[in-house]
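The block underneath contains the structure these notes are about, expressed in structure tokens.
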Amino acid sequence: MLFRSVVIEGNSEKKPLEIELGRFQDSDCGMIIEDISFASQVVAPSGKTVFFHDHGGMVNWLKDKSFRDSAVIWVYTLDSKRWVDGKSAYYSLDESTPMNYGFGAYENSTPKRVGFEEMSRRMLNGETLNNPKTRALILGDR
């Protein structure tokens, strides 16, 4: 089976693009995107768009890019089932995500959801469900 490149060029409008499930690769880990539930997209100022199947992977990939602050980020939300601005979205910490980071995107806030900056900080500090201490704090005895 042939897989589509992880980069699509020419997105000058910086809009979310359709992800071909089972054909697009995650730009952080290289795995094939099979489910849109935790998908995100980053559009560079040049219009190049890259795709992810876990929001934590998107944060990890973006961390050392020179354009990280000016990138347009789109995340698929679990509550409204649509693409929203990833920097304005809210994130849960306890989801069962493809890479087990635990961050699910939502359009609407609740007391247990955090903003983009907090989610990014947690990801880059290793405070994900892959960390046994974090997992115990977030999930308790589940």
Side-chain angles (χ1 to χ4, degrees), residues 1-139 142:
M1 174 183 259
L2 294 175
F3 296 106
R4 187 98 190 252
S5 171
V6 297
V7 177
I8 294 181
E9 300 201 34
N11 187 0
S12 58
E13 293 184 24
K14 297 179 177 50
K15 299 288 185 188
L17 301 177
E18 183 178 342
I19 293 177
E20 294 179 38
L21 297 178
R23 296 190 59 80
F24 279 35
Q25 289 178 292
D26 182 293
S27 291
D28 186 53
C29 70
M31 291 178 64
I32 302 304
I33 301 172
E34 299 286 354
D35 182 8
I36 199 165
S37 298
F38 301 99
S40 48
Q41 305 180 27
V42 172
V43 186
S46 67
K48 288 183 181 179
T49 306
V50 295
F51 306 91
F52 306 89
H53 68 153
D54 193 302
H55 306 307
M58 174 265 297
V59 169
N60 186 58
W61 180 87
L62 195 57
K63 72 182 176 204
D64 59 0
K65 301 300 182 273
S66 62
F67 57 84
R68 71 183 168 275
D69 294 330
S70 59
V72 174
I73 298 170
W74 295 102
V75 295
Y76 193 79
T77 58
L78 295 168
D79 55 349
S80 61
K81 307 287 188 214
R82 66 189 194 112
W83 294 102
V84 302
D85 176 352
K87 294 176 182 176
S88 298
Y90 302 94
Y91 298 86
S92 57
L93 306 174
D94 61 353
E95 306 287 345
S96 179
T97 67
M99 298 303 290
N100 206 34
Y101 295 127
F103 308 114
Y106 289 82
E107 189 167 9
N108 300 294
S109 178
T110 68
K112 289 189 175 186
R113 295 180 188 153
V114 300
F116 179 78
E117 293 300 323
E118 176 67 11
M119 181 272 290
S120 296
R121 184 195 66 75
R122 287 174 180 253
M123 175 60 197
L124 296 176
N125 286 338
E127 298 170 27
T128 71
L129 293 185
N130 286 325
N131 178 322
K133 290 181 182 178
T134 301
R135 184 175 192 80
L137 282 172
I138 291 174
L139 298 181
R142 275 198 230 172

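Since the structure is predicted, the reported quantities are computational estimates derived from the model, not experimental observations.
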Taking C-beta and beyond as the side chain, do [X] and [Y] meet within less than 4.5 Å on heavy atoms?
X     : Y      : value
Val43 : Glu13  : no
Leu17 : Asn11  : yes
Pro98 : Asp35  : no
Ile33 : Leu21  : yes
Leu93 : Phe103 : yes

Q: Please say whether more than 12 non-hydrogen atoms of neighbouring residues, nucleotides or ligands are located less than 6.0 Å from NZ in Lys65.
A: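 Enclosed.
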[X] (side chain) donor-acceptor with [Y] (main chain) under 3.5 angstrom:
X      : Y      : result
Asn131 : Arg135 : no
Lys14  : Gly47  : no
Ser80  : Thr77  : no

[X] side, atom [atom1]; [Y] side, atom [atom2] - distance, nearest 0.5 Å:
X      : Y      : atom1 : atom2 : result
Leu129 : Asn100 : CG    : CG    : 5.5 Å
Phe116 : Ser88  : CZ    : OG    : 10.0 Å
Ser12  : Lys48  : OG    : NZ    : 14.5 Å
Ile8   : Thr49  : CD1   : OG1   : 7.0 Å
Ile36  : Trp83  : CD1   : CH2   : 4.5 Å
Phe24  : Ile32  : CZ    : CD1   : 10.5 Å

(Q) Using a 6.0 Å distance limit plus a 45 degree cone around the ring axis, check whether Arg113 lies over the aromatic ring of Tyr91. (A) no
Which atom of [X] lies closest to which atom of [Y], heavy atoms considered:
X      : Y      : answer
Gly126 : Thr134 : O-OG1, 4.2 Å
Val50  : Ser27  : CB-OG, 3.3 Å
Ala89  : Val75  : CB-CG2, 3.8 Å

Q: Could you walk me through whether Arg122 and Glu118 pass the salt bridge (charged side-chain N to carboxylate O under 4.0 Å, His left out) test, one step at a time?
A: CA-CA 6 Å; Arg122 287 174 180 253; Glu118 176 67 11; 2.9 Å; yes
(Q) Between Asp94 and Leu139, is the side-chain contact (heavy atoms from CB on, under 4.5 Å) condition met? List the steps. (A) CA-CA 7 Å; Asp94 61 353; Leu139 298 181; 3.7 Å; yes
Q. If you look only at pairs with a residue in residues 66-91, which of them pass as a salt bridge (charged side-chain N to carboxylate O under 4.0 Å, His left out), with sequence neighbours excluded?
A.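 Every pair satisfying salt bridge (charged side-chain N to carboxylate O under 4.0 Å, His left out) with a residue in residues 66-91: Arg82-Glu107.
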Q.
Working note: Glu127 + Lys133, criterion salt bridge (charged side-chain N to carboxylate O under 4.0 Å, His left out); need CA distance, chi angles, decisive distance, verdict.
A. CA-CA 8 Å; Glu127 298 170 27; Lys133 290 181 182 178; over 6 Å; no
Please tabulate, one pair per line, all N/O donor-acceptor pairs under 3.5 Å involving side-chain atoms of residues 51-62, not counting sequence neighbours.
residue : atom : partner : partner atom : Å
Asp54   : OD1  : Gly56   : N            : 3.0
Asp54   : OD2  : Thr97   : OG1          : 2.6
Asp54   : OD2  : Met99   : N            : 2.9
His55   : ND1  : Phe38   : O            : 3.4
Asn60   : OD1  : Lys63   : NZ           : 2.9
Asn60   : ND2  : Asp28   : OD1          : 3.0
Asn60   : ND2  : Asp28   : OD2          : 3.4

Q) Any side-chain donor paired with an acceptor under 3.5 Å for Glu95 and Ser92? A)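 Yes - a donor-acceptor pair under 3.5 Å links their side chains.
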